[in-house]
Student: 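Here it is, the structure in full.
All values derive from a computational prediction rather than experimental measurement. Chain A is the first sequence line, chain B the second, and so forth, proteins listed ahead of strands; every chain is numbered from 1.
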Amino acid sequence: MAEASSFYITTPIFYVNDVPHIGHAYTEVAADVLARWHRQAGDDTWMLTGTDEHGQKILRTATANGVTPQEWADKLVADAWIPLLETVGIANDDFIRTTDARHEANVQKFLQKLYDDGHIYTGEYEGYYCVGCEEYKQESDLVPGAGEYEGQLVCAIHSKPVELLHEKNYFFRTSAFAERLLALYEERPDFVQPESARNEVLGWVRSGLADLSISRSTFDWGVKVPWDETHVVYVWFDALLNYITAVGYGQSDEEFARRWPAQHIVGKDILRFHAVIWPAMLMAAGLEVPKGVFGHGWLLVGGEKMSKSKLTGIAPEQITSTFGSDAFRYYFLRAIAFGQDGSFSWEDLSARYQAELANGFGNLASRVVAMITRYCDGAVPTAGALQPADIEIASVERRATDDSWQAIDRLAIHEAIGAAWALVDALNGYLTAEEPWVLAKDPANRERLETVLATAYRGLGTLAVLLSPVTPVAAAKLWAALGAPGTVQQARIDRAFEAELGERVAPLEALFPRVEVAE
RNA sequence: GGGGCGGUAGCUCAGCUGGUUAGAGCAGUGGACUCAUAAUCCAUCGGUCACGGGUUCAAGUCCCGUCCGCCCUACCA
C-alpha cells in the first residue's frame with residue numbers, strides 16, 4: 001500500500017538554550033520511527049528537525065558569554081543538538097535552523113503577504129514589565145508584595161514592583177479564524193490527536209481566541225519585520241514557519257508541493273501553537289493546513305513531569321551509554337502508549353531491557369543462529385513438509401507485518417511494536433514446543449529438524465525487518481548474521497514476511513548483552 | 001480562581017457505547033527443558049476496581065459529592 005505517497009513528518013525545533021534531556025529525545029525518536037517505517041514501506045518520506053535560535057533569552061546568554069548570538073547558537077547546535085540526534089540514532093533528512101537564510105528570507109515573505117492581505121494590524125501591547133527580569137510578566141507570575149511593597153503586585157523572582165508598560169506591536173488576527181478552525185476540527189476529527197488533545201484544543205478555541213502579538217521591539221535578535229525594521233518577529237511566529245521554509249516555501253513550488261502538508265509530532269505543551277495558531281497562519285496565507293498534529297504525553301519521573309528545575313532532567317546519554325540507543329528507542333516507544341504520559345524509572349527500564357530485549361528478542365536470535373551453526377554447519381536449511389505449527393508461525397509473521405503497519409498508520413507506535421513482538425513470543429514458544437535439539441539427536445528426524453530451523457530462520461528475518469525502525473542497530477547486526485542481502489533497511493517493511501533472506505548464517509554477538517545495573 | 005486528566009493486583013498499565021467468576025506484562029512461587037545472553041516454556045499466587053451516596057434487573061464502566069495526585073491557564077518534548 002501507499003506506494004510512493006508522500007510522508008512528511010516534523011518534530012518541534014529545539015530552543016537552543018535548553019539543555020537536551022530525554023523528553024527532547026523522546027519526541028525525536030517517535031518521529032524517527034514513524035519516518036523510518038514509512039521510508040521502508042516505500043513512501044516518499046521526509047523527516048525534518050532543527051533548532052529555534054532567536055529571541056531575547058538567547059541574546060542575553062550570548063552577551064553574558066561574550067559572544068554574538070549567532071556564535072552562541074552555532075556552538076550550542078554543534079555541541080548539544082546535533083550530538084543529541086546521533087545519541088539516539090535519528091535519521092533525519094534535513095535540519096533547519098531559524099538562522100538559515102532560507103528560513104529568514106521566507107519568513108519575511110510570508111509575513112509581508114499576511115500584511116498585504118490585511119491579516120496584520122498595529123496595536124498596543126500592555127503588560128507588566130519587571131526591570132530585574134527584563135521581560136514582561138503574566139499576572140500569574142506576580143505575587144502580592146510584602147513590607148514596603150505591601151498592597152502592590154511584585155515579581156515572584158525579584159520581589160520588586162513591576163511597571164505597567166505599553167509597547168507598539170503588530171498583531172495577527174488569529175480571532176478571525178476561529179470559525180474555520182472549528183470547522184476544520186469538525187471535518188477532520190483526526191486533525192488533532194490523540195482524542196484528549198483534540199478535546200483540549202476544541203475547548204480553547206470555543207472559549208475564544210485572542211489576537212497574537214507577533215513582533216517585539218525591545219531587542220533585535222530575530223527576523224526583521226519587513227515593513228518596519230525596528231521590530232523583530234515574535235519567536236513562535238518565526239519558529240512555526242520552519243515547517244514550510246524547510247521544504248521550499250517561497251523558494252521552490254515544486255519541492256513545496258511534493259512535501260507539504262506535514263504530520264507534526266509535538267509535546268502536548270505546545271499543542272496550542274501547532275493546532276490553533278499555526279493552522280490559522282496557514283489559512284491566512286492561503287496554504288494548506290497540516291496533515292495532522294499529534295500531541296504526545298510527558299515523561300514522568302517519580303510521578304511528576306520531568307523538569308530540570310526539580311533536577312529530574314535526565315540526559316539521553318545517561319541511558320544510551322549503558323543500554324545503547326536501540327534500548328532507549330525501544331523502551332520509550334514500547335512502554336508508553338504514544339499520546340499518553342508515561343512513567344520513567346531506571347528499574348522499569350532495566351527490567352524491560354532484560355526481559356524483553358535481552359531474554360526475549362536477543363536470546364531468540366542467539367539460539368536460532370547457534371542451532372543453525374551447530375546442526376547445519378551454518379548453512380540455512382530448506383523447509384520440508386510443513387506441519388500446523390510451522391504454518392502457524394508463517395501466519396503470525398503475516399499478521400505481525402500487517403498489524404504493525406496498520407498501527408503505524410494510526411500513529412500507534414506502541415501497538416506496532418507490540419504487534420511485531422507477538423512474533424518474538426511465538427518463535428520462542430515454537431522452539432520450545434518443537435525441540436530441535438531433541439530432533440538433532442536422531443538422523444531419522446533430519447527433515448523435521450531442518451524444517452523447524454528454516455521456519456525459525458524465516459521468522460527471525462521477518463523480525464529483523466519489522467524491528468529495524470525501532471532498533472536499527474540490532475536489526476542490522478541480525479541481518480548480517482542471517483547472511484541476508486543488502487541492508488535490512490532496503491527490505492520492504494510492509495511485506496516483511498516475504499523478505500529475501502540468505503543462505504549462510506554468520507556468528508552473532510549478543511544483540512542486547514546483559515547489563516549489570518549499578519545504581 | 002478557572003479548566004483538563006487521573007486514582008484498577010507489589011510495579012507499569014488494558015478494561016469501547018453499563019451485563020456471565022475484573023484482564024495483560026513484569027516481579028513472586030512451583031514445575032518442565034537445555035539450543036540459547038542461568039536464557040526459554042507451562043502452571044500458579046495476587047485486586048473491598050480511592051471514598052461516600054444515587055440511578056438501574058445489573059456499575060470499575062453512568063450521575064452527585066468528598067479526598068488525593070498531576071498538568072494547563074500564551075513562548076520548557
Side-chain angles (χ1 to χ4, degrees), chain A residues 11-15 17-31 52 55-57 135-136 138-140 174 196-197 199-200 203-204 207 209-210 212-213 234-240 265-273 276-277 295-300 303-309 313 332 334-337 340-345 347-348 351-352 354-375 414 418 421 425 427-440 449 452-453 456 508-515:
Chain A
T11 71
I13 49 177
F14 306 116
Y15 195 64
N17 247 17
D18 292 338
V19 177
H21 60 232
I22 56 178
H24 297 108
Y26 175 53
T27 312
E28 284 293 324
V29 164
D52 179 8
Q56 189 170 25
K57 261 194 269 181
E135 64 192 9
Y136 283 101
Q138 295 303 315
E139 284 194 55
S140 56
T174 322
S196 55
N199 291 337
E200 212 166 347
W204 292 333
S207 67
L209 289 181
L212 181 72
S213 162
Y234 169 55
V235 290
W236 262 107
F237 201 87
D238 167 4
L240 287 165
I265 303 296
V266 303
K268 65 182 181 182
D269 59 317
I270 52 174
L271 200 57
R272 170 182 258 113
F273 288 96
V276 180
I277 294 168
H296 71 238
W298 299 119
L299 299 186
L300 306 180
E304 291 185 20
K305 175 182 163 188
M306 187 179 61
S307 97
K308 53 189 176 196
S309 57
F332 286 106
R334 172 70 195 271
I336 300 171
Q340 299 186 352
D341 291 350
S343 309
F344 167 82
S345 71
E347 291 73 18
D348 189 40
R352 280 184 181 269
Q354 208 68 270
E356 297 169 20
L357 290 174
N359 299 349
F361 179 35
N363 182 56
L364 170 68
S366 171
R367 65 199 297 211
V368 172
V369 171
M371 282 190 279
I372 292 174
T373 303
R374 186 155 158 180
Y375 303 138
H414 59 294
W421 220 259
D425 295 334
L427 286 169
N428 270 323
Y430 172 77
L431 289 176
T432 300
E434 300 306 319
E435 303 180 302
W437 51 91
V438 173
L439 297 173
L449 171 67
V452 169
L453 291 183
L508 176 65
E509 58 179 301
L511 256 22
F512 299 96
R514 296 184 70 77
V515 167

Student: Reckon A:Arg367 has a side-chain N or O less than 4.0 Å from the OP1 or OP2 of B:A39?
Tutor: no

Student: Atom OH of A:Tyr15 to atom P of B:A77: distance rounded to whole Å?
Tutor: 11 Å

Student: To the nearest 0.5 angstrom, please state how far the OG1 atom of A:Thr174 sits from the CD1 atom of A:Ile277.
Tutor: 6.0 Å

Student: Tell me what A:Pro12 touches on the nucleic acid: a base, only sugar-phosphate, or nothing, going by heavy atoms under 4.0 Å.
Tutor: sugar-phosphate

Student: Would you indicate, yes or no, if B:C13 has its OP1 or OP2 atom less than 4.0 angstrom from a side-chain nitrogen or oxygen of A:Ser343?
Tutor: yes

Student: Between B:A22 and B:C42, how many Å separate the two P atoms, rounded to a whole number?
Tutor: 24 Å

Student: What nucleic acid atoms does A:Arg374 come within less than 4.0 Å of, heavy atoms only: base, sugar-phosphate, or nothing?
Tutor: sugar-phosphate

Student: Could you check how far CH2 of A:Trp437 sits from C1' of B:A39, rounded to whole Å?
Tutor: 11 Å

Student: Give one of base, sugar-phosphate or nothing for A:Gly267, where a contact means two heavy atoms less than 4.0 Å apart.
Tutor: sugar-phosphate

Student: Please state how far atom CH2 in A:Trp204 lies from atom P in B:U73, giving the value in whole angstrom units.
Tutor: 8 Å

Student: Just how far, in rounded Å, is P of B:A32 from CD of A:Glu434?
Tutor: 21 Å

Student: Which base, if any, makes a Watson-Crick or G-U wobble pair with B:G69, both distances under 3.5 Å?
Tutor: B:C5

Student: Taking a pair as Watson-Crick or G-U wobble with both distances under 3.5 Å, which nucleotide is matched to B:A24?
Tutor: B:U12

Student: For B:G69 versus B:A59, give the span between their P atoms, rounded off to a whole number of Å.
Tutor: 30 Å

Student: Send over the distance from A:Gln354 CD to B:A38 P, rounded to a whole Å.
Tutor: 10 Å

Student: Describe the nucleic acid contact of A:Ala239 in one word from base, sugar-phosphate, nothing, applying a heavy-atom distance below 4.0 Å.
Tutor: nothing

Student: For B:C41, which nucleotide is its Watson-Crick or G-U wobble mate, given both distances must be under 3.5 Å?
Tutor: B:G31

Student: Expressed in whole Å, how much space separates the P atoms belonging to B:G7 and B:A14?
Tutor: 8 Å

Student: Regarding A:Phe512, tell me which of base, sugar-phosphate or nothing describes its non-hydrogen contacts under 4.0 Å with the strands shown.
Tutor: base

Student: Could you tell me how far B:C63 sits from B:G18 if I compare only their C1' atoms? Round to whole Å.
Tutor: 13 Å

Student: Using a heavy-atom cut-off of 4.0 Å across all strands, would you classify A:Ala358 as base, sugar-phosphate, or nothing?
Tutor: base

Student: For B:A36, give its Watson-Crick or G-U wobble partner with both distances under 3.5 Å, or none.
Tutor: none

Student: Sticking with atom P, work out how far B:U66 lies from B:G23, rounded to a whole angstrom.
Tutor: 33 Å

Student: Remember a base hit wins even if backbone is also touched, and classify A:Ser366 as base, sugar-phosphate or nothing at under 4.0 Å, heavy atoms.
Tutor: base

Student: Provide, to the nearest angstrom, the distance between the CD atom belonging to A:Gln340 and the P atom belonging to B:A14.
Tutor: 5 Å

Student: For A:Leu511, report the nucleic acid contact type (base, sugar-phosphate, nothing); a contact means any heavy atom under 4.0 Å.
Tutor: base

Student: Of the nucleotides B:A77, B:U12, B:A39, which has the atom closest to the A:Asn363 side chain?
Tutor: B:A39

Student: Hey, does A:Gly362 reach any base, or is it just sugar-phosphate, or nothing, if we go heavy atoms under 4.0 Å?
Tutor: base

Student: Measuring only the P atom in each nucleotide, how far is B:G65 from B:G3? A whole number of Å is fine.
Tutor: 12 Å

Student: Measuring only the C1' atom in each nucleotide, how far is B:A43 from B:A50? A whole number of Å is fine.
Tutor: 33 Å

Student: Using a 4.0 Å heavy-atom cut-off across all strands, classify A:Phe14 as base, sugar-phosphate, or nothing.
Tutor: nothing

Student: Rounded to whole Å, please give me the gap between CG in A:Leu364 and C1' in B:C35.
Tutor: 11 Å

Student: Have a look at A:Asn428 and say if it touches a base, only the backbone sugar-phosphate, or nothing, with a 4.0 Å heavy-atom cut-off.
Tutor: sugar-phosphate

Student: When you compare B:U48 with B:G60, how far apart are their C1' atoms, in angstrom units rounded to a whole number?
Tutor: 12 Å

